[in-house]
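Working notes, beginning with the structure itself.
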Amino acid sequence: MGKRIIRCTALFIVFSMIFLLSFGCAGNTGGTSDSQNTGTGTQKPTEAEKPTVLKLLVGAWRATDYKTLTTDLIQENTNTILEVSSVPFADYVTKLNVVMASSDYPDIINITQDAQELTFAEAGMLLPLNNYFDKYTNLAAVRNDTVWKAMTHKDGNIYAIPIGADPVQRCLLYRGDWLKKLSLDVPATLDEYYDVAYAVSHQDPDGNNEKDTYAIIGQLGDIAFTFDHIFAAFGVQASYWLERDGKVVNGTVMPEAKEALKFINKMYMNKLIDPEFVTDNPDRYKNKTYEGIAGAFVFFTHVIDVNNNDNHYKPFKDRNPNGEYIAGELLETPGYNKIGFRTLGGRGWLKTGVVSKSPNIDAVLRVLDYVATEEYQTIYSYGIEGEHFTVENGIVNVTADADTLASVGTNLFAIPIIRTVRYEHASMHYRDTLKKWADSALPSAIDGMLLPELNESDLLDSFTKEQYLKMIVGETPIDGGFESFVTEWNNRGGKELVDAVNREYESRKN
Amino acid sequence: MGINYNRTRTGSLGAAGKKVLRDRYLYILLLPGIIYFILFCYLPMGGLVIAFKKFNIFTGVINSPWVGFDNFKKVFSYPDFWGILRNTLFISFYKIIFGFPVPIILSILLNEIKNSRFKKIAQSVMYLPHFISWVIIGSMMLSLFSASHGVVNLLFGEHIIGSLLASRRYFRSILVISSIWKTSGWGTIIYLAALSQIDPSLYEAAIVDGANKLKQVWYITIPSITGIIVLLLILRIGQLMNAGFEQVMVLQNPLVMEVSEIFDTYVYRVGLGRGEYSFTSAVDFFKSVVALILIVSADRFSKMIGEEGLF
């Protein structure tokens with residue numbers, strides 16, 4: 001009896017495990033192919049009218065359910081069903097590499113790095129969109145010639161559509177209520193800025209008897225954007241390509257950067273910079289911006305846009321009803337020529353591409369063409385006129401609240417080819433500030449250049465970040481330390497990179 | 001049901017074959033595990049060949065060009081490589097030296113507890129950290145070590161401006177201590193099982209001979225579990241090259257990269273993140289070869305000193 005039980009149990013366990021293992025090996029035959037049946041109910045199921053299922057791989061700031069009005073509009077107008085899988089931007093590059101290496105391609109992808117776009121294009125994985133411009137005119141018109149030129153590869157093809165976001169989205173912000181309370185003016189020079197920064201950090205502007213305010217906060221130890229205003233006062237930007245005397249140089253290793261680092265180090269040692277800017281992840285950082293603990297820092301201009309319901313303005317206002325941000329000026333310091341902030345470049349920070357091996361090219365292009373229409377762009381930006389917003393004298397006034405807009409799906413980055421719509425935004429102050437900082441900004445000297453050698457620059461950039469951080473927090477003395485950093489930067493491929501960039505720059509001039 | 005299998009029907013199988021046949025249901029029970037290892041551990045080893053190729057994800061494994069030892073040359077000449085090797089070895093060594101004795105001591109202590117209710121509660125509390133993922137512990141630690149609100153910084157006073165987690169001097173210690181806290185409780189299980197096997201009459205004889213508690217532990221308890229200790233030590237040494245990927249990944253920040261970047265995090269960042277599959281395969285190949293050498297040496301060494309070893 002006992003032996004029989006063992007025998008039966010053994011056989012049962014073995015066969016059930018082999019059975020389960022076989023599921024693991026079978027993989028894709030299970031789930032995805034029968035979503036055709038979940039299409040819109042009014043469609044007659046003849047072959048010609050069945051909606052095409054399109055798979056999208058996109059990046060997102062937070063987990064989103066793409067069942068929104070904006071998605072439905074696309075599906076109805078182009079006879080498609082969109083299956084969107086979104087990945088947080090922090091992991092997007094890795095995920096895209098993995099997905100493109102597998103055989104389960106999506107139809108539409110986002111691309112965040114130029115290096116990836118170059119790799120995929122060279123391997124023939126991206127569809128050359130220019131071949132379809134005469135048929136899909138809305139798509140062709142969604143960007144101007146300058147932008148399309150920046151997107152053109154050496155072989156003359158365009159493989160991705162850049163996001164039409166503003167080139168500069170950040171500015172130098174001060175807590176206006178704190179400045180008033182401490183009787184300070186908006187600073188114009190670097191020394192005045194230091195005084196203001198010291199005051200907002202140490203003179204308890206939020207009135208709670210605790211030293212919990214800082215001038216500057218940041219995330220992930222990022223140098224770019226967080227300290228742009230200080231580098232700009234000295235006439236350089238870190239990890240950025242600038243033109244000097246007809247040649248291209250990298251701001252990272254210029255002597256002006258050393259002076260900027262000294263200034264930042266002085267701020268850090270005097271506790272004007274939140275030390276957690278090295279360890280904070282984006283969520284903690286965002287929370288701190290809502291709490292409002294920084295008084296003189298670089299942040300998204302959207303925070304002064306009263307129409308910004310879900311992302312920056314409203315959450316801050318909820319927690320700080322008397323708080324207000326005001327935009328500052330570019331700082332200057334004697335002996336140096338100030339420059340503007342860095343721009344996101346004509347190629348944009350986010351692009352949309354079509355996988356060439358997709359079996360649904362026509363449907364994909366229909367979708368992209370439809371998304372590029374002005375009618376869709378307006379709904380995508382503001383919702384439906386009359387229901388979610390009104391227009392008075394060419395100025396938009398958003399009337400719906402954050403939850404309603406979320407269900408409409410405004411500004412959800414599923415297919416990020418939004419462009420600035422023709423209406424002026426209600427928040428004129430926001431528009432003016434955006435324009436002012438965009439006008440003063442400095443485009444990269446190599447904007448739009450697609451060079452394989454540039455693929456290595458992110459390794460150099462992370463080395464730069466490590467070394468800069470050590471100098472900022474005082475672990476490495478800047479005198480002497482900066483010089484050895486420059487030598488090491490050049491040895492690690494920096495010199496070759498600069499030479500390659502200059503060769504390309506020269507050839508483009510002709 | 002004693003059917004005699006030693007007859008000529010299966011006579012050609014020989015002695016070993018007869019043993020297998022006799023225990024065939026046990027071997028069948030083993031089958032799924034063997035299939036799993038073949039499918040997911042041995043077959044994928046063929047993919048290691050990309051360490052010798054310039055792998056392009058689009059042309060595939062077979063069609064990528066062969067480059068021989070070029071990737072390995074790149075690996076050894078890469079300036080950070082020796083730092084990564086040093087970090088991996090140091091962090092692992094610290095974890096073994098300081099972490100390995102802890103479950104042993106804990107289990108001996110637990111074994112001595114008379115109040116069984118307290119013993120059970122203590123055990124359950126000790127096991128708990130093992131079940132919490134590093135991601136959660138990581139964010140708990142970020143708050144604990146926070147520069148402005150963290151408890152640890154309050155104790156440390158004003159000596160350090162930033163968080164301890166961002167200081168190169170203390171980061172490895174934090175890694176080791178938190179790792180010990182998380183894994184020691186779980187490690188006591190095996191030792192407790194071994195301790196329960198010790199014959200109580202040995203203790204009684206020792207008491208008669210006038211041994212105090214400490215002498216009993218030293219002369220009876222520890223020698224009885226020496227076999228298990230050596231076995232687990234060998235296995236642990238075989239894991240030397242895995243310094244704890246999840247933990248380091250979660251707690252790392254740019255300021256401590258120099259002291260905390262280990263093979264696994266590097267391969268993840270550069271291999272998967274930047275798509276440099278060949279280069280990082282070469283790195284991992286090297287890591288596995290070193291691990292193999294270590295485990296074989298540890299096994300030989302244990303046989304030399306008279307213990308049983310693994311194989």
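All chains are named by letter (A, B, ...) in the order of the sequence lines, taking the proteins before the strands, and each is independently numbered beginning at 1. It should be emphasised that the depicted structure is a prediction, and the values quoted were computed from it without experimental measurement. Only heavy atoms go into these numbers, but all of them, side chains included; no hydrogens, no water, no symmetry mates.
- Nearest heavy atoms, V98(A) versus Y277(B): N-OH, 4.3 Å.
- With sequence neighbours excluded, the residues that form a salt bridge (Lys or Arg N to Asp or Glu O under 4.0 Å) with R319(A) are E291(A).
- Both the backbone and the side chain of V278(A) come within contact range of chain B, each with at least one heavy atom under 4.5 Å from a heavy atom of that chain.
- Taking CZ of R284(A) as the reference point, atom OG of S139(B) lies at 8.0 Å (rounded to 0.5 Å).
- F90(B) CZ: 12 or fewer foreign heavy atoms inside a 6.0 Å radius.
- Put simply, CG on N253(B) and CG on L469(A) are 8.5 Å apart, with the number rounded to the nearest 0.5 Å.
- Interatomic distance, S146(B) OG to D280(A) CG, rounded to the nearest 0.5 Å: 8.0 Å.
- Listed by chain and number, the residues in a salt bridge (Lys or Arg N to Asp or Glu O under 4.0 Å) with E488(A) are R492(A) (sequence neighbours excluded).
- The local environment of CZ in F72(B) is crowded, with over 12 non-hydrogen atoms from other residues, nucleotides or ligands closer than 6.0 Å.
- For residues 203-214 of chain A, heavy-atom neighbours of chain B at less than 4.5 Å comprise Y214(A), sorted by residue number.
- Crowding of F131(B) atom CZ: a count of heavy atoms from other residues, nucleotides or ligands under 6.0 Å exceeding 12.
- Listed by sequence position, P254(B), L255(B), M257(B), E258(B) are the residues of residues 254-263 of chain B in contact with chain A, using a 4.5 angstrom heavy-atom cutoff.
- With a 4.5 angstrom heavy-atom cutoff, K465(A) touches chain B only via side-chain atoms.
- Of all the heavy atoms in T279(A) and A166(B), the pair that sits closest is CG2-CB, 4.3 Å.
- Applying the 6.0 Å contact sphere to CG of L144(B) captures more than 12 heavy atoms from other residues, nucleotides or ligands.
- Residue L220(A) touches chain B through its backbone alone, counting heavy-atom pairs closer than 4.5 Å.
- L29(B) pairs in a side chain to side chain contact (heavy atoms under 4.5 Å, CB included) with only one of the listed residues (I13(A), T9(A), L11(A)), which is I13(A).
- Heavy atoms from other residues, nucleotides or ligands lying under 6.0 Å from CZ of F76(B) number more than 12.
- Heavy-atom contacts from other residues, nucleotides or ligands closer than 6.0 Å to CD1 of I62(B) number 12 or fewer.
- A 6.0 Å sphere centred on NZ of K54(B) holds no more than 12 heavy atoms belonging to other residues, nucleotides or ligands.
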